[in-house]
Every structure is written in C-alpha cells, then in structure tokens.
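Step one of this worksheet: look at the structure below.
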Amino acid sequence: MSRRRVADKREILPDPKYGSTLLSKFINIMMEDGKKATAERICYDALGIIEKKTGNDPLKAFKSAVDNVKPVLEVKPRRVGGATYQVPMEVRPSRRTALAFRWIMNYARSRSERTMSAKLAGELMDAINNTGSSIKKREDTHKMAEANKAFAHYKW
C-alpha cells in the first residue's frame, strides 16, 4: 500500500443494454478469465428471468437487491497491547457495493440451480425479498459488529 499518493479511480463505462454503471461494475465482478461477453450474457439472462417472474423493471429490481445486501457496519481487527480486538466500523460506500457484489456472486455460484443465470436470478430474487444467503451474510456481519460494540472506542 503506497503512502505517497492515492490511486485515482478509473471511470467505468455503462453497460450497453441498460446504460447502468452499477450493472457494468457487477458484470466486471462476475467476469472470469476476461470473458466479458459470457458474463454479460449470464447477467442479462438473469435479469430477463427476474423480469418474467416479477413483471417489474429488472434494473430497479437489481438495484433494490444490491441495496438490501449492502452492509452498514463491519468489524476490523485492531491490535492493542498484545491483544487483537474486533472493532466495529462503518463501511464506506464504495466498499459497501463491492461487498454486496461479492456476496451475491459467491452465494449465487454455490446455489443448486442448473444454469448460472438461473442461480444468479434466484439469489437476486432472494435479495429483493430480504431472504437468502447474501442477506444472511449481511445480518451476520451486523450481529458481529453489534456484539463487539464494547470495543468501539479503539476506533481511530
């Protein structure tokens, strides 16, 4: 980690179908081995499945799913005098979305549906309804932060 200067953020172009930078970032997170076209196809198929099931705008559904998964608090280890404490801290906005994307992708990959687009659609539908594994991960993170509230004064 450089102490000299902060790396500047790259501008991410919006995705071609919906024109959303949030969806474009998610597609980039989904991508494996540089296969962006495959990641786009999977993502758009999943959004099509969501639109078919709910009848609502799939982009709004995607945004609400991501907003539901975003954590507010997390714990970070701090070493104080030979002991390591789990100190609860607020999560900055860019990390919130990154964690939400990561959790949605990891739990979508571990689902039991047949195709990846069905897995992703299922996880997003669960996130919209405030159920599912990614929501449970957020709740566990919040519980951990709540349990370690006594060490909040070590935050600096």
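Note that this is a predicted model, so its numbers are computed, not measured.
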Q.
Using the rule given for side chain to side chain contact (heavy atoms under 4.5 Å, CB included), can you reason through Ile104 versus Leu124, listing the C-alpha separation, both sets of side-chain angles and the distance that settles it, and then say yes or no?
A. CA-CA 7 Å; Ile104 289 170; Leu124 287 172; 4.1 Å; yes

Q: Determine, step by step, whether Glu32 and Arg109 satisfy the salt bridge (Lys or Arg N to Asp or Glu O under 4.0 Å) criterion, reporting the C-alpha distance in whole Å, the side-chain angles of both residues, the deciding distance to 0.1 Å, and the verdict.
A: CA-CA 12 Å; Glu32 287 184 349; Arg109 285 187 178 126; 3.3 Å; yes

Q. Is there a salt bridge (Lys or Arg N to Asp or Glu O under 4.0 Å) between Lys149 and Glu146 once you walk through the steps?
A. CA-CA 5 Å; Lys149 204 163 52 171; Glu146 190 67 30; 3.0 Å; yes

(Q) For Met30 and Met105: C-alpha separation, side-chain torsions, deciding distance, then whether side chain to side chain contact (heavy atoms under 4.5 Å, CB included) applies. (A) CA-CA 7 Å; Met30 259 181 71; Met105 271 316 303; 3.0 Å; yes

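Under a hydrophobic-cluster definition in which Ile, Leu, Val, Met, Phe, Trp and Tyr are linked whenever side-chain heavy atoms come within less than 4.5 Å, directly or via other members, Met89 and Leu99 are assigned to different clusters. No single ILVMFWY cluster, assembled from side-chain heavy atoms under 4.5 Å apart, contains both Met31 and Leu22. A continuous path of Ile, Leu, Val, Met, Phe, Trp and Tyr side chains, each step under 4.5 Å between heavy atoms, connects Met116 with Met125, placing both in one hydrophobic cluster. Hydrophobic clustering, with ILVMFWY side chains joined whenever heavy atoms are under 4.5 angstrom apart, keeps Ile49 apart from Ile27.
Across every non-hydrogen atom of Thr84 and Pro77, the tightest pair is CG2-CB, 3.9 Å. Nearest heavy atoms, Ala61 versus Ile50: CB-CG2, 3.9 Å. Of all the heavy atoms in Ile12 and Thr21, the pair that sits closest is O-CG2, 3.7 Å. Contact detail for Ser134 and Ala127: the closest heavy-atom pair is OG-CB, 4.3 Å. For Ile128 against Ala65, the heavy-atom pair with the smallest separation is CG1-CB, 3.7 Å.
Note on residues 116-126: pairs passing salt bridge (charged side-chain N to carboxylate O under 4.0 Å, His left out), not counting sequence neighbours, are Arg111-Glu123, Arg111-Asp126. Residue pairs meeting the side chain to side chain donor-acceptor pair (under 3.5 Å) criterion with at least one partner in residues 87-102, sequence neighbours excluded, are Glu74-Arg95. Among residue pairs with one or both ends in residues 87-125, those qualifying as ring pair (Phe, Tyr, Trp, His ring centres under 6.0 Å) are Phe26-Phe101; sequence neighbours excluded. A ring pair (Phe, Tyr, Trp, His ring centres under 6.0 Å) check over residues 68-89, counting only residues at least two apart or in different chains, returns the pairs Tyr85-Phe151, Tyr85-Tyr154.
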Pair up each side-chain donor or acceptor in residues 36-45 with any protein partner under 3.5 Å, not counting sequence neighbours, and list the distances.
| residue | atom | partner | partner atom | Å |
| --- | --- | --- | --- | --- |
| Lys36 | NZ | Asn28 | OD1 | 3.0 |
| Tyr44 | OH | Asp15 | OD2 | 2.7 |

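No side-chain heavy atom of Glu51 sits under 4.5 Å from any side-chain heavy atom of Asp57. Val75 is not listed as a side-chain neighbour of Val87, based on a closest heavy-atom distance of 4.5 Å or more. When side chains are defined from C-beta on, Ile135 counts as touching Asn68, because their heavy atoms get closer than 4.5 Å. Between Asn106 and Lys137, the closest side-chain pair of non-hydrogen atoms is not below 4.5 Å. Within the 4.5 Å cutoff, side-chain heavy atoms of Tyr18 are placed close to those of Pro58. The shortest side-chain heavy-atom distance between Arg138 and His142 falls under the 4.5 Å cut-off. By the 4.5 Å heavy-atom criterion applied to side chains, Val72 and Val91 are not counted as neighbours. Side-chain contact between Leu120 and Leu47 is absent, with no heavy-atom pair separated by less than 4.5 Å.
A salt bridge does not link Glu139 with Lys136: none of the charged nitrogens is closer than 4.0 Å to a carboxylate oxygen.
Under the rule for a side chain to side chain donor-acceptor pair (under 3.5 Å), the partners of Lys70 that lie at least two apart in sequence or sit in another chain are Asp67.
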